[in-house]
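Protein chains get the first letters and strands the later ones, always in sequence-line order, with residue 1 at the start of each.
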Protein chains: 2
Amino acid sequence: MSIDVGGHLKAVRTMYGLSQRELAKRAGVTNGTISLIEQNRVSPSVSSLKKVLDGVPMSLADFFALDLQESPQVFYSRDQLTEIGDREVSLKLVAAQRPNRAMSIMYERYRPKADTGSDMLSQQGEEGGIILKGHMELTVGGQSRVLGPGDAYYFARAVPHRFRNVGDEPCEIVSASTPPTV
Amino acid sequence: MSIDVGGHLKAVRTMYGLSQRELAKRAGVTNGTISLIEQNRVSPSVSSLKKVLDGVPMSLADFFALDLQESPQVFYSRDQLTEIGDREVSLKLVAAQRPNRAMSIMYERYRPKADTGSDMLSQQGEEGGIILKGHMELTVGGQSRVLGPGDAYYFARAVPHRFRNVGDEPCEIVSASTPPTV
DNA sequence: GGGTGCCGTCTATTATCCTAAACACACGAC
DNA sequence: GTCGTGTGTTTAGGATAATAGACGGCACCC
């Protein structure tokens, strides 16, 4: 067994401020079980691990998705955002260097007439955002629409999509997508 | 055990076009084990389930995260956003009615002195955002910091966190979180 | 009809996990 | 001091999972 289930569980438990006995009681197992698991002296069955996590509560998916190793960066000043745009479109990415993050969050700035080109598509995931300034024509699947400040969008990336700044001023958007593409 | 590990495994295995014996051989377990797991006659230990998934290969996190999705509305005008705030904090949610979406994207507006209260925590997921206007004190785990326009944050929700508008003007944020809490 | 090969299932045995209860240590109250 | 209550750890034994190998089914070929 390569993955450290025990350490993982201990981290989760202590993060919630629970003792082994408290967690055991909530989960309907014995404190000894928790102890043995945390020491990696046993590899719990999925059913018992689920019982334990139900006591937190936390899903199995989240449990195994947890990063754990260190405490990652939380705060990013505006000049710490990773910029990845070209001249037409500027993208400032939050938490770019964070491994295995679940989302990309970006501050996007489109010059007048900027255009992502016809019908981008990714295999998977979802994307959404809110327009802050300017006017953006968004085409998703068959549908097309011009969005202004305060308007928003949300779509599955498997559908072809295109962004085009149809205004005379720059268009600014905050967007999020999952899973992160960049 | 509420979750259907067996059916799940069978779906993964057949998706990869493997027989029980093939998968067993790759994984270093016996075909009987696969059979018993798929029938939910046993709840595999994490270690053996991991061995089995290594034969695919697939991570435990992905295994437990498997799901499906889809839905229609793409564009949301500003007054179509679902508002869910109280007097102190206004939250405008994109695609609120969309079932099984992967993220929540929100336009958040905090009145001066607005405070989410001490140490909220959700059991799961990640959250991030970008400050548009005003100044927000964000506390995550031990660390605390005041963020201004253009600054950003990103953290795992399992860590206790708190937002507090420390400025005299309203603070506006666009945030995203996954999985959606609301 | 008899082989051959691959499929998933089942059984008897062995290996591992889970429980209940004891154990050891630390800290505060009195 | 010695209770009382909190913590995590250990142990014996019963419960559960994993193994090796047998079993029956189905398709294909001779």
So, A:Asn165 and A:Asp115: side-chain donor and acceptor under 3.5 Å apart, yes or no? no
Are any of [X]'s side-chain N or O atoms less than 4.0 Å away from OP1 or OP2 of [N]?
| X | N | value |
| --- | --- | --- |
| A:Ser48 | C:dC18 | yes |
| A:Gln39 | D:dT10 | yes |
| A:Arg41 | C:dC18 | no |

Nearest whole Å is fine: how far is [N] [atom2] from [X] [atom1]?
| X | N | atom1 | atom2 | result |
| --- | --- | --- | --- | --- |
| B:Lys51 | C:dA15 | NZ | P | 14 Å |
| B:Arg13 | C:dC6 | CZ | C1' | 13 Å |
| A:Asn31 | C:dA22 | CG | C1' | 11 Å |
| A:Leu9 | C:dC17 | CG | P | 15 Å |
| A:Gln20 | C:dC18 | CD | P | 14 Å |
| A:Lys25 | D:dT7 | NZ | C1' | 16 Å |
| B:Leu49 | D:dT16 | CG | C1' | 16 Å |
| A:Ile34 | C:dT19 | CD1 | C1' | 12 Å |

Base, sugar-phosphate alone, or nothing: which one does A:Thr30 contact when heavy atoms must sit under 4.0 Å apart? base
Under 4.0 angstrom, heavy atoms only, what part of the nucleic acid is A:Ser45 near: base, sugar-phosphate, or nothing? sugar-phosphate
Look at the side chain of [X] and decide which nucleotide, out of [options], has an atom nearest to it.
| X | options | result |
| --- | --- | --- |
| B:Ser43 | D:dT7, D:dT10, D:dA17 | D:dA17 |
| A:Thr33 | C:dA22, C:dC10, C:dT19 | C:dT19 |
| B:Ser19 | D:dA17, C:dG8, D:dT9 | C:dG8 |
| A:Glu22 | C:dT19, D:dT7, C:dC7 | D:dT7 |

Looking at B:Glu22 and B:Arg13, does any basic side-chain N land under 4.0 Å from a carboxylate oxygen? no
On DNA chain D, nearest-nucleotide positions of B:Val29 versus B:Arg21: which is more 5'? B:Val29
Would you please classify the geometry between the A:Tyr153 ring and the A:Phe163 ring as parallel, tilted or perpendicular, with 30° and 60° separating the classes? perpendicular
Should B:Glu108 and B:Glu172 count as side-chain neighbours, where that means a heavy-atom distance under 4.5 Å? no
A:Leu132 side chain reached by A:Tyr107 side chain, heavy atoms, under 4.5 Å: yes
